[in-house]
Asker: 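Take a look at the following structure, please.
Just follow the structure's listing: the first ligand is 1, and inside any ligand the first atom is 1. FYI, the numbering just counts along the sequence from 1.
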Amino acid sequence: MTGGPPGSFDPFRPPLIGAWVWEETMTAAQWRCECAGQCGRPHTKTKGRCGTIHGTAHRLAVVAADPLATLTAAVTATERVALCATCETGVRRTAEAARTTTEPAQPDLFDTTGIEAA
Ligand SMILES: [Zn+2]
Ligand SMILES: [Zn+2]
């Protein structure tokens, strides 16, 4: 069941990204939420890292390390993290809040929409 053939890779089937990538990330995370406070909670009880373990009660999601990355980016990203639902929500909220409060004072390096739209 592990390491299926590449041909069966489907980035958009649950859970969000390919099962192979998902399992690889989860294994690296030791099946535990990798949030180290990005969600806005200190996780002091569990030594600074969320203690949620993947299981039937809590299913972890594998997302791009950049919380604002698109789902497609999550598939191709080299940086992925396993997050529980609570932390994933918190991380995204924190990142979006930071983005909206920070005025775009400099050109976005990742912005491809501004390229010579002739
Ligand atoms: Zn968590
Ligand atoms: Zn967290």
Asker: At a threshold of 2.8 Å, where the distance has to be below it, does the Zn ion (ligand 2) have an N, O or S atom of H43 nearby?
Answerer: yes
Asker: Please name the pair of heavy atoms, one in R49 and one in C33, separated by the smallest distance, quoted to 0.1 Å.
Answerer: NE-O, 2.9 Å
Asker: From C50 SG over to L60 CG, what is the distance, rounded to the nearest 0.5 angstrom?
Answerer: 8.0 Å
Asker: Report the distance from atom CD of E88 to atom CZ of R93, rounding to the nearest 0.5 Å.
Answerer: 11.5 Å
Asker: Got a sec: is C87 within less than 2.8 Å of the Zn ion (ligand 2) via an N/O/S atom?
Answerer: yes
Asker: What do you get for the angle at the Zn ion (ligand 2) between SG on C35 and SG on C39, to the nearest 10 degrees?
Answerer: 100°
Asker: Below 30° counts as parallel, above 60° as perpendicular, anything between as tilted: where do the rings of H54 and W31 land?
Answerer: tilted
